[in-house]
Structure formats: structure tokens, C-alpha cells
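The block underneath contains the structure these notes are about, expressed in C-alpha cells.
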Amino acid sequence: MSNEELTKAIVTEDGEVLVRKSDGSYRPADNRTDWDRLRAMSEQEVEAAACGDPDAQLLDDAFWQTARVVVAPGKKHTGLRIDADVLDWFKSHGKGWQTRMNAVLRAYYEAQTRD
């Protein structure tokens, strides 16, 4: 499996999961889990539902051989000056706007520092 086939994601300090898009930016991961329904299910029902999900990714030994934990480096507070319209746009997308802004900057940084 090549790296292009893997879904890349990061977990923010506040626990939000961001999924990397094809353009290198990040978006909040979809969360459509019905937690109450899941808690009411037995282990066997959960297993059967997972096996019957056509979108579920098989987590077999081959998957775990290429899996890796990615920990984001520490963050530093800065007094960054941002154009008002850019700042307003990020804020208009709700909670996590700073994390998304950082993800955009990280994607640019990674694109510029690739070998």
C-alpha cells in the first residue's frame, strides 16, 4: 500500500480529529456515530455491523505493519498579524479555526520542505 492510499489525519490538543484533504489542507473528520445505539449493542452485534460495512477498512496484520503514530510538534503562542478578511473567514467556520489555520500553514510548510 503506497502512502497516497492512506488516509492521513491528526488529532488536535482538544481531541478534534482532522483529516488531510488531497490539496494538503485539513478538514474536521465526519462524526456520524450514534453513540447511544452503539452502547446498547452487544460485542457480537458491533462486530457483525463492522464486518457488514462496505466502507470499513480492514485492520489486518498488513495494515498494522504500515501504521504509524504521528504526533504533532509542540505549539508556540505568537502575536501573528492576519488580514481581517482571512481571519473572519477562518472564524466563520466555527470552533477549531486556529487548528485549521495551523493545518493550512503546516500543509504549505510540508509542500515546501519535501525532498
### Query
Who passes ring pair (Phe, Tyr, Trp, His ring centres under 6.0 Å) against Trp89, sequence neighbours left out?
His93
Do you know which two heavy atoms are closest between [X] and [Y], and how far apart they sit?
X      : Y      : value
Ser25  : Ala107 : N-CB, 4.1 Å
Met41  : Ala49  : CE-CB, 4.2 Å
Arg100 : Pro28  : NH1-CG, 4.0 Å

### Task
Output yes when Arg106 and Glu110 qualify as a salt bridge under the 4.0 Å nitrogen-oxygen rule, no when they do not.
yes
### Query
Do the charged groups of Asp36 and Arg39 touch, with an N to O distance under 4.0 Å?
yes
### Query
In Å and rounded to the nearest 0.5 Å, what is the OH to CG distance from Tyr109 to Asn102?
12.0 Å
### Message
Quick check on the hydrophobic clustering: are Leu80 and Val104 connected, directly or via other members, by side-chain heavy-atom contacts under 4.5 Å?
### Response
yes
### Message
So does Asp85 get a backbone contact from the side chain of Asp83, meaning a donor-acceptor N/O pair under 3.5 Å?
### Response
no
### Query
With distance as the sole test, does Asp34 use its side chain to make a donor-acceptor pair with the main-chain N or O of Arg37 at under 3.5 Å?
yes
### Message
Side chains of Trp97 and Leu87, heavy atoms from C-beta outward: is any pair under 4.5 Å?
### Response
yes
### Query
Who else is in Leu105's hydrophobic cluster (ILVMFWY, side-chain heavy atoms under 4.5 Å, direct or via others)?
none
#### Entry: Any pair counted as salt bridge (charged side-chain N to carboxylate O under 4.0 Å, His left out), so long as it reaches residues 71-80, sequence neighbours left out
none
